[in-house]
Amino acid sequence: MADTFETVGVVGLGTMGAGIAEVFARAGIAVVGVEADPAALERGRGHLEGSTGRALTRGRLTEAERAEILGRVTLTTSRDDLAGCDLVIEAIPEVMEYKRALFADLDRICKPSAVLATNTSSLSVTEIAATTSRPGRVVGMHFFNPAPVMRLVEVVRTVTTEDGLADDIAALARRLGKTPVTVGDRAGFVVNRLLLPYLNHAVVLLEHGLADRDGIDAAMRLGAGFPMGPLALLDLIGLDTSYEICEALFRESRERRHAPAPLLHELVAAGLLGRKSGRGFHGEEAPQTPSAEEKPSVSTVAVVGEEAEAGEFADRLVSAGFKTTGVEEAELVVALSRTPVVRQAVRLPHPDRLVGLNLVGEQVAEVASTVLTSPGAEQVATGLVRILGRTPVVCRDRAGFVVGALLYPHLNDAVRMYESGYASVEEIDTAMRLGCGYPAGPFEMLDRLGLQTVRDGLRDLYDEYRDPAFAPAPLLDQLVTAGVRSIRDLPA
Ligand code: 3HC
């Protein structure tokens with residue numbers, strides 16, 4: 001008979017634990033929330049009241065509904081109060097020793113039929129299960145931050161999870177209004193295994209000075225269409241949690257791409273953990289307001305690049321009041337390009353006047369400054385981009401600029417994951433759309449961008465950085481060679 005879960009325990013009422021408790025209570029399920037001491041319990045209560053209070057202010061909940069939800073949650077500092085629960089979910093810090101000790105305790109306290117679940121981001125569910133006398137009744141139930149909002153739950157079954165239990169937990173996730181994706185026990189599961197290497201890469205690029213913080217975030221939010229920039233998302237997840245996930249991935253893979261960026265380590269060591277500590281990559285500083293109206297003090301611009309695109313861009317400049325000329329006399333030379341432009345610059349009489357410009361989507365233009373570009377030319381180019389209604393992202397003249405450098409390896413990782421047999425195309429796309437709010441899953445993005453564009457972009461990145469992680473996945477390469485347009489067109 002399928003398991004029914006009427007009383008659920010949540011251990012650890014930090015951001016995630018409190019969010020998980022709220023999700024269950026909203027679905028009409030009684031919750032026992034446990035924290036280590038009265039102060040932590042009060043903070044947990046604060047999370048619950050804050051989140052439901054916000055829904056109330058926005059008109060998403062009535063006073064009565066809010067009271068009902070909060071009324072379903074019993075808060076306690078005694079683990080013994082979990083004795084009657086049908087399911088207990090652990091959401092304590094990501095330290096294996098703590099988890100093992102807790103699960104040994106839960107095993108002793110909870111009735112034999114109870115299911116014990118972990119919300120771990122990246123630790124081994126199998127290892128946690130092995131500390132109990134009921135490894136068959138232990139699963140991963142992984143929620144995403146903010147738990148009340150993100151619609152995915154990863155259900156993780158281990159080699160010892162008993163038959164049917166993952167299905168019962170998946171059914172429970174649906175009852176909570178979530179979409180489950182069931183996977184095996186590998187570090188990071190689907191989402192964190194794909195997401196964190198991309199976020200970590202953004203930190204590496206920031207540290208290397210490819211672009212500044214706001215540029216990187218704007219490029220991925222406005223250019224690639226992600227709901228948040230990678231550095232803002234790291235702040236949301238917590239830099240300590242992010243660091244731990246990267247460590248766990250690295251421990252399993254030994255890939256350099258998974259090794260936490262030194263800057264991430266430094267911020268964590270300094271106690272700058274993101275939103276939870278008030279400051280991470282983003283702090284409390286006043287936002288910079290660009291002076292959009294200020295017209296660049298340059299009148300003659302030359303546009304070079306692929307003929308049709310350059311012609312169209314030149315027309316837009318003329319409509320905006322600029323005069324277009326040949327490259328010899330132009331005060332600014334704009335090279336529309338998806339690849340580095342320094343070779344074009346050296347062929348000019350004034351290489352310092354050239355900037356690369358890559359139009360990404362409808363809202364962003366990457367402004368690539370070469371080692372020869374003068375600060376004045378860069379400034380003029382960013383002003384010009386703003387006049388054209390786009391957000392400029394100033395970056396160094398490197399393969400992929402910002403969006404390509406971050407996005408292509410991220411998509412490549414998804415192909416590698418599929419190729420490894422860990423998850424299907426549908427599972428990966430669903431997980432990234434619902435777990436991270438992506439406008440499209442990685443394979444949908446690959447189809448939209450074109451497999452060849454991504455494969456070629458990866459080759460450029462590999463040629464420049466020589467990082468094996470950027471070498472196109474063999475499957476991607478083969479699909480392009482075979483002229484297959486979508487991975488979905490492969491015979492089943
Ligand atoms: N708690 C509860 N509800 C929240 C919330 C929170 N912390 N933050 C936002 N919301 C709700 C709002 O109330 C609003 O709902 P409403 O329309 O019913 O009023 C809705 O979410 C949208 O909020 P906003 O309009 O304020 O903000 P945005 O539209 O900018 O959306 C976001 C905010 C949902 C966080 C969006 O930016 C997003 O999807 N970001 C990506 C988040 C992500 O990737 N999460 C996964 C991280 S990985 C992870 O968690 C795994 C772990 O192991 C590390």
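Counting convention: from 1, in listed order, for ligands and their atoms alike. No experiment lies behind these values; they were computed from the predicted model shown.
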For residues 245-280, the ring pair (Phe, Tyr, Trp, His ring centres under 6.0 Å) pairs (sequence neighbours left out) are Tyr243-His265
closest protein heavy atom to atom 19 (O) of ligand 1 is Arg58 CD, 3.0 Å
- Message: Evaluate Arg60 for polar contact with ligand 1, using N/O atom pairs at a separation under 3.5 Å.
- Response: yes
re atom 27 (O) of ligand 1, the protein heavy-atom contact at minimum distance is Arg54 NH2, 4.9 Å
So for Met150 against ligand 1, with non-hydrogen atoms under 4.0 Å, the contacting part is side chain
for atom 35 (C) of ligand 1, nearest protein heavy atom and its distance come out as Pro146 CD, 3.8 Å
Counting from 1 in the order shown, the ligand 1 atoms closer than 4.0 Å to a non-hydrogen atom of Met228 are 37 (O), 40 (N), 41 (C)
Check: of Thr120, Leu152, Thr52, Val149, min heavy-atom distance to atom 4 (C) of ligand 1 comes from Val149
Item checked: Contact with ligand 1 for Glu22, non-hydrogen, under 4.0 angstrom -> no
If we number the atoms of ligand 1 from 1 as shown, the ones under 4.0 Å from a heavy atom of Leu233 are 42 (C), 43 (C), 44 (O)
Of His201, Arg257, Arg193, the one forming a side chain to side chain donor-acceptor pair (under 3.5 Å) with Asp413 is Arg257
Q) From atom 33 (C) of ligand 1, is the closest protein heavy-atom distance below 4.0 Å? A) no
Logged contact type for Asn145 with ligand 1, heavy-atom cut-off 4.0 Å, is both
Note to self: Is it true that Thr391 and Gln363 share a donor-acceptor pair across their side chains at a distance under 3.5 Å?
What the structure shows: no
Pairing donors with acceptors under 3.5 angstrom, does anything connect the side chains of Asp81 and Thr76? yes
Side-chain H-bond candidate by donor/acceptor type, Thr241 with Glu94, under 3.5 Å: no
Answer yes or no for atom 38 (C) of ligand 1: protein heavy atom present at a distance under 4.0 Å? yes
Atom 2 (C) of ligand 1: of Gly435, Ser51, Ala18, the nearest heavy atom sits on Ser51
Close aromatic pair by centroid cut-off 6.0 Å: Tyr408 and Tyr198: no
- Taking 4.0 angstrom as the limit, do Glu49 and Arg66 come out as a salt bridge? no
Original post:
Below 4.0 angstrom, N of the basic side chain to O of the carboxylate: do Arg485 and Asp447 qualify?
Top reply: no
Could you tell me if Glu22 and Ser51 have a donor-acceptor pair between their side chains, going purely by distance under 3.5 Å? yes
With heavy atoms and a 4.0 Å threshold, my read on which part of Thr15 contacts ligand 1 is neither
One finds that the ligand 1 atoms under 4.0 Å from a non-hydrogen atom of Cys436 are 41 (C), 43 (C), 44 (O)
